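A short write-up of the structure that comes next.
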Amino acid sequence: GAVVSQHPSRVICKSGTSVKIECRSLDFQATTMFWYRQFPKQSLMLMATSNEGSKATYEQGVEKDKFLINHASLTLSTLTVTSAHPEDSSFYICSARGRDFSYEQYFGPGTRLTVT
Amino acid sequence: DAKTTQPTSMDCAEGRAANLPCNHSTISGNEYVYWYRQIHSQGPQYIIHGLKNNETNEMASLIITEDRKSSTLILPHATLRDTAVYYCIVRVESGNTPLVFGKGTRLSVIA
C-alpha cells in the first residue's frame, strides 16, 4: 500500500506558541488529505479535509483560524496549531488519498503534541 | 456519525481465531464495509474491505451476512501483535467522503 509520513512524531511546545506538523505522501500524489485528532481513550475525530490547491473544509466545531491547513502540493500538507493551549494536546493523524492507489485512504503514523 | 455498532472490548487467546462482530443495519446498497485497526499510538492500518461477498487476504477474512446488516472480521491465528482497536466503517468505495471512525473494539490477545 501507499506510504504516508508525518513529521515530527512528537513535539512539546509552550502555551501560546505555534507548531507546524507536516504530512507527506511518499509514493503517490495525494489529491486529498485529511487531518484527524485523537484524545486519549477516544476515537479519531475528523478535523478537516483539504484538496490540493484549494482551501480546507473544516468540520463543525473546529476553528479554522486556529488550525491552519495548507495543501500546496500533491505530496505535502501542513497543519499549524496557532497559539497552542494545553487543551490542544492530542494525537494528530493525517491521511491521504490519490488516484495512484484507487483513491483509498492511507494514514500517517501520527504526531503527539504536548502543550505545556 | 458512525453507522456501525461494535462491542467495546474482546479478549482472545494467542493462537486462536479472533472473531470481531459489527452491526451496520442501515448500510446502503453502494456502501462497502471497511476494517481498520489502530495499534497503540500509531496511525490506523487498513485490514480489508468488501461489498457483499466474503473476502480474504493475508491479514484476515471478512464475512458479510446475506442481508449485509452485519459482518465479522476473522483473524485466523491471533498473536500478541494483533492487540489493537479494530474499527468497522461503512462508506462508498473510493468516494469523496472521508472515513468516519466509531469507537471500535479493543481486542486484547492474551498469552
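Each chain gets a letter, A, B and so on, in the order the sequences are listed, and its residues count up from 1. These figures come from a predicted structure and were not determined experimentally.
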| field | hydrophobic_cluster_shared for B/Met10 and B/Leu62, side chain cutoff 4.5 Å | value | yes
Rounded to the nearest 0.5 angstrom, the CE-CZ distance for A/Met45 and B/Phe101 is 11.5 Å
Given the rule that I, L, V, M, F, W and Y join up when any side-chain heavy atoms are under 4.5 Å apart, are A/Val19 and A/Phe67 in one cluster?
-> yes
Can you find a heavy atom in the side chain of A/Leu44 that is under 4.5 Å from one in the side chain of B/Tyr87? yes
Those residues of residues 37-60 of chain B that come under 4.5 Å of chain A on a heavy-atom basis, listed by number, are B/Gln38, B/Ser41, B/Gln42, B/Gly43, B/Pro44, B/His49
Group every Ile, Leu, Val, Met, Phe, Trp and Tyr by side-chain heavy-atom contacts under 4.5 Å, then state whether B/Val85 and A/Ile93 land in the same group. yes
Sorted by chain and number, sequence neighbours left out, side chain to side chain donor-acceptor pair (under 3.5 Å) with A/Lys66 holds for A/Asp88
Residues passing the side chain to side chain donor-acceptor pair (under 3.5 Å) test with A/Tyr92, sequence neighbours excluded, are none
Bottom line for A/Gln38: the part with an atom under 4.5 Å from chain B's heavy atoms is side chain
Original post:
Can you tell if the side chain of B/Arg91 reaches within under 4.5 Å of the side chain of A/Gln105, non-hydrogen atoms only?
Top reply: yes
Are more than 12 heavy atoms, taken from residues, nucleotides or ligands other than A/His85, located less than 6.0 Å from that residue's NE2 atom? yes
Please indicate whether B/Arg106 has more than 12 foreign heavy atoms, meaning atoms of other residues, nucleotides or ligands, lying under 6.0 Å from its CZ. no
Review point. Side chains of A/Phe34 and B/Leu99: does their closest heavy-atom pair fall under 4.5 Å?
Key: no
Across all chains, not counting sequence neighbours, the side chain to side chain contact (heavy atoms under 4.5 Å, CB included) partners of A/Ser18 are A/Thr80, A/Thr82
